[in-house]
Amino acid sequence: MAITVKFFASLRERMECEGVAIDAQYARTIAEVWQQVAGGEPLPADLLMAVNMEYAEPDSVVQDGDEVAFFPPVTGGGHDH
Amino acid sequence: MAITVKFFASLRERMECEGVAIDAQYARTIAEVWQQVAGGEPLPADLLMAVNMEYAEPDSVVQDGDEVAFFPPVTGGGHDH
Amino acid sequence: MTIEIRAGAFDPWRELADFQQQMTGKCGKYGATTVFVGTMRDFNEGDEVRGMFLEHYPQMTEKYLEKITLEAAQRWELLDMLIIHRVGEILPDDPIVLVAAWTVHRAAAFEAARYLIEELKSRSPFWKKEWLPERERWVIKNTPAG
Amino acid sequence: MTIEIRAGAFDPWRELADFQQQMTGKCGKYGATTVFVGTMRDFNEGDEVRGMFLEHYPQMTEKYLEKITLEAAQRWELLDMLIIHRVGEILPDDPIVLVAAWTVHRAAAFEAARYLIEELKSRSPFWKKEWLPERERWVIKNTPAG
């Protein structure tokens, strides 16, 4: 099962890549996709995730051809916080 | 005691004048100024009044040289009501 | 902090651009700007409105608007404020009023702009007379915060 | 209803003037416009900030902003909405975000503009990396409604 995985912002820097295409033979959920790409690092509690550009949860099921993204809390909008 | 009296908006139209300078010999409060200029008409309940361009009440005391204004509820701002 | 009563038409976006260009000492200091523009509609209370006359009480109006900007400055940390209010003959689609607040944080900008327009509408001495197709009428009252 | 992600600087007042000029069918229909502009400051959390890089998730960002405008359109009677958000390299005093709502009544304009900016800040995929004098840092989180 082909899954495109993307990383953004500080996570992209930490993973030292923007993303990776994987053959997720055993991964059925986002959490399992994370396990496959993160080299054993547990899923950070504050990490956000999306499947095909919709917010999703760790136990959301992935399907062949999906784009899965992992990223830190968002900080858009003005500089007014 | 010289008092300048001003009327605005629908009241100005109804009084058929923008204002009047009176010698308020017996008027000590705004309500008494109204009595002197309004020809016996009772002070309308929703009328607003000001002395020297500050909002005032019917029993506010007037002094020689004061400018007293009477006007209906205000309707400024956008056309967004 | 600027308050202006205008007898002629104004372009709110142009005014904001010009005003902000003069805020030179404040560049990089404000993070949030909230603007409210009230515009003349071509209908009101179910009737077609072709125009209107906006009367005010010269000097008292300015004085009252100053008072509410000072009150706002006490309640919120404001870097600047701008109020422009039209008087005289106004046609549909003309801007009537502009209020703007510049702050560090966005909550203050929203709250101050809202405060200014609500206080302006409820107490500042302006009166609208609308021109309907067959007659004129004074607008009786502003509905609160509707 | 327009949503734009911009890689270059923009002038919010110019954008509003241009946008409103194209709202021809709506002339005289709206009575209220509320605008929020978020601007880059030259300080944050006590530090001097010399610039920043704003990263986003192309397509998901646009999709998310569309979602919140549709939600706003269901909650309030909106005649139009405009959102512009900057990405890429940004310098102090540059506008970062513009949201605007056109309505008949002012309460809806204020509430919708506030809703759009709060939803945008809390959930739309953008990330800020600030350039301090000696180092860079990712902004960790937006404070809620501060």
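Since the structure is predicted, the reported quantities are computational estimates derived from the model, not experimental observations. Chain identifiers are assigned alphabetically (A, B, ...) following the order of the sequence lines, protein sequences preceding nucleic acid strands; residue numbering begins at 1 within each chain.
In the displayed structure, Gln59(D) atom CD is contacted under 6.0 Å by at most 12 heavy atoms of other residues, nucleotides or ligands.
In this structure, chain A has no heavy atom under 4.5 Å from any part of Phe53(D). For Ser122(D), the part lying under 4.5 angstrom from a heavy atom of chain A is the backbone only. If you measure heavy-atom distances from Ile90(D) to chain A, you find no contacts under 4.5 Å at all. Heavy atoms of Arg86(D) lying under 4.5 Å from chain A are absent altogether. The part of Glu55(D) that comes within reach of chain A is its side chain, from C-beta onward, which places non-hydrogen atoms under 4.5 angstrom from that chain. For chain D, the nearby part of Asn52(A) is the backbone; its heavy atoms alone come within less than 4.5 Å.
Counting heavy-atom pairs closer than 4.5 Å to chain A, the top residue among Met52(D), Arg123(D), Lys129(D) is Arg123(D). Note on Ala50(A), Pro73(A), Ser10(A): by heavy-atom pairs under 4.5 Å with chain D, the leading option is Ser10(A). For the set Leu120(D), Leu54(D), Thr39(D), Val37(D), the count of heavy-atom pairs under 4.5 angstrom toward chain A peaks at Thr39(D).
Under a 3.5 Å cut-off, the side chain of Lys128(D) and the backbone N or O of Gly78(A) do form a donor-acceptor pair.
Side-chain contact between Trp138(D) and Glu13(A): present, with at least one pair of heavy atoms (C-beta onward) separated by less than 4.5 Å. At least one side-chain heavy atom of Lys6(A) sits less than 4.5 Å from a side-chain heavy atom of Tyr57(D). By the 4.5 Å heavy-atom criterion applied to side chains, Thr75(A) and Trp127(D) are counted as neighbours.
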*Which is it for Met60(D) and Tyr55(A) under the side-chain contact (heavy atoms from CB on, under 4.5 Å) test, yes or no, and what are the steps along the way?*
CA-CA 9 Å; Met60(D) 180 170 171; Tyr55(A) 277 106; 3.8 Å; yes
